[in-house]
Amino acid sequence: MAEKMDAALDYNAKSESVVVDASKKLRIGIIGCGWIADAHVISYKEMPDVEIVAGADLIPGKAAAFFKKHGVEGVKTDYASHKEMLDDESLKLDAVSICTYNRQHAEPAIYALKKGVHVMLEKPFTVTLDEAIEVMKAEKESGKILSIGFQPRLDANMQQIKKIVESGELGKIYYIQTGGGRRRGIPTPFGTTFIEDKTAGLGALADIGCYSLDLVLNAIGYPKPLTVTGYKSDFFGKDPNYSGYPEGKKAEYAAKFGVDDFAAGFIRLEGGIILDFRIAWAMNLDTPGDTIIMGTKGSLRVPSTDCWNGSFYAPMKIYHEVAGLQTYTEIPLHPADSKLFYKKIRSFLDAIKNNTPAPVPSSQIIYNQAILDGIARSSELGREIEIEIPEI
């Protein structure tokens, strides 16, 4: 027996038009002009209260070419580093988007915050837990806004998961399974930045695993992680015959591969909740499993995706009992939202203008980072570890 649940929202309703006060423009800088910065600039260009005034990249000429490609004029780009840009008092920056590779997240974030500049930091937060703690210390000292780039938070289907949990429909949550991934999807179309240890630090674990973790942790209120048993592997990435590498570069890419292409973890959370996690860039399987949130009154099944960076495309189901009969309720899908990235940037800017909390606060994502870090360290040590996060 199956029943349909009435939509909680009018799925055909259009987003209300929001009037933006453009009388005072926010002055924005971009640190790192690689492919993820494209989405930031495209979003900023749509906002009448934004002026992009500066950009910096470690590769000479890259920033200038980047803004020329996007048709953004008058941007100062003659900086050899983020420090030079942030030290330029003439810019009078209000905020920066940090779009660097993973290992360069912490340093510019700390420097920008110490300079009194608000920060939109792309995910993952950092590579290590220690780095994330140092960023949070700078955030606290500065009093500025630091928001982490988790745009799926703004998807109506993702938000529906949190609403279901908070409604009490599932009862007490005691076990969660989450993850996902791609059969062949090591990200190399833009070169080797994602797969080299010197730039990425972590692979699938941080790239798409952080999204999967945020999906469930945000839904249940981000309880503190206590212990982690972790595992990582790199069988596909180090294989010179891996079919996903560009022809002519297979051996080169395999030799440079220095991160994980699969990771898994068993995490104990506060409140007696167990989190069973697995994520893949490449595997001989269509999916390592759906996301499942199990409760004493019902369990929620969320269909797996290859990335978790937007929405999902099949209905969720709640398995429960009705009048003693085992049944399930199918949750109608909200339409996919193509403006999630724009909304991520807009919510960050609105927090600056209205002096409200960060839309995706570091106080939550530090737990996400602690799990990523814990899985990596546990895998290297070959044993369970305790997670310790100091007061900041």
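Predicted, not measured: the structure shown is a model, and the values here were computed from it.
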Within 6.0 angstrom of [X] [atom1], more than 12 heavy atoms from elsewhere:
X    : atom1 : answer
K45  : NZ    : yes
N355 : CG    : no
K69  : NZ    : yes
F235 : CZ    : no
K172 : NZ    : yes
K353 : NZ    : yes
E73  : CD    : no

What do the steps show when you test K250 against E247 for salt bridge (Lys or Arg N to Asp or Glu O under 4.0 Å), and what is the final call?
CA-CA 6 Å; K250 292 180 181 293; E247 290 298 330; 3.8 Å; yes

Closest approach of [X] to [Y] (non-hydrogen atoms, all atoms of both residues):
X    : Y    : result
A54  : F67  : O-CZ, 4.1 Å
R346 : D49  : NH2-OD2, 2.7 Å
A280 : A204 : C-CB, 4.1 Å
D207 : P187 : OD2-CG, 4.2 Å
L58  : A80  : CD2-O, 4.0 Å
L170 : I318 : CD2-CG2, 3.9 Å

Cut-off 3.5 Å, side chains only: do [X] and [Y] have a donor facing an acceptor?
X    : Y    : result
N368 : Y222 : yes
H320 : T329 : yes
R153 : Q364 : yes
T128 : D130 : no
Y44  : S97  : yes
S311 : D155 : yes
T229 : S378 : no
H105 : E131 : no
D38  : H70  : yes
E122 : H40  : yes

Can a salt bridge be assigned to the pair D337 and K343 using a cut-off of 4.0 Å between side-chain N and carboxylate O? yes

For the side chain of [X] and the backbone of [Y], is there at least one donor-acceptor N/O pair under 3.5 Å apart?
X    : Y    : value
R278 : P288 : yes
S212 : G209 : no
D260 : S233 : no
Y313 : L333 : no
Q369 : V127 : yes
T100 : Q104 : yes
D276 : F266 : no
W308 : G179 : yes
D261 : G237 : yes
S147 : V360 : yes

Checking [X] against [Y]: charged group under 6.0 Å from the ring centre and within 45 degrees of the axis?
X    : Y    : value
K317 : Y328 : yes
K232 : F262 : no
K339 : Y342 : yes

| Could you go step by step and tell me if K256 and D197 meet the salt bridge (Lys or Arg N to Asp or Glu O under 4.0 Å) rule? | CA-CA 8 Å; K256 289 183 175 181; D197 179 68; over 6 Å; no

Can you find a heavy atom in the side chain of [X] that is under 4.5 Å from one in the side chain of [Y]?
X    : Y    : value
I387 : Y367 : no
L275 : V216 : yes
R268 : I274 : yes
D214 : L217 : no
V259 : W281 : yes
V41  : I52  : yes
L269 : K224 : no
L146 : F125 : yes

Parallel, tilted or perpendicular: rings of Y253 and Y245 (30°, 60°):
perpendicular

Parallel, tilted or perpendicular: which fits the ring planes of W35 and F194, with parallel below 30° and perpendicular above 60°? tilted

Using the rule given for salt bridge (Lys or Arg N to Asp or Glu O under 4.0 Å), can you reason through E134 versus K137, listing the C-alpha separation, both sets of side-chain angles and the distance that settles it, and then say yes or no?
CA-CA 5 Å; E134 291 305 308; K137 288 179 179 178; 3.3 Å; yes

One should read off an interatomic distance between I30 CD1 and M120 CE, to the nearest 0.5 angstrom, of 10.5 Å

Separation between CD (E166) and CD1 (I161), nearest 0.5 Å, reads 12.0 Å

Between E51 and the options R27, K92, K76, the salt bridge (charged side-chain N to carboxylate O under 4.0 Å, His left out) test singles out R27

**Request:** For the pair E139 and S362, evaluate side-chain hydrogen bond (donor to acceptor under 3.5 Å, both in side chains) and give the outcome as yes or no after the intermediate values.
**Result:** CA-CA 9 Å; E139 175 194 14; S362 62; 2.6 Å; yes

Test salt bridge (Lys or Arg N to Asp or Glu O under 4.0 Å) applied to D87 and K115, step by step = CA-CA 8 Å; D87 285 343; K115 284 287 184 177; 3.0 Å; yes

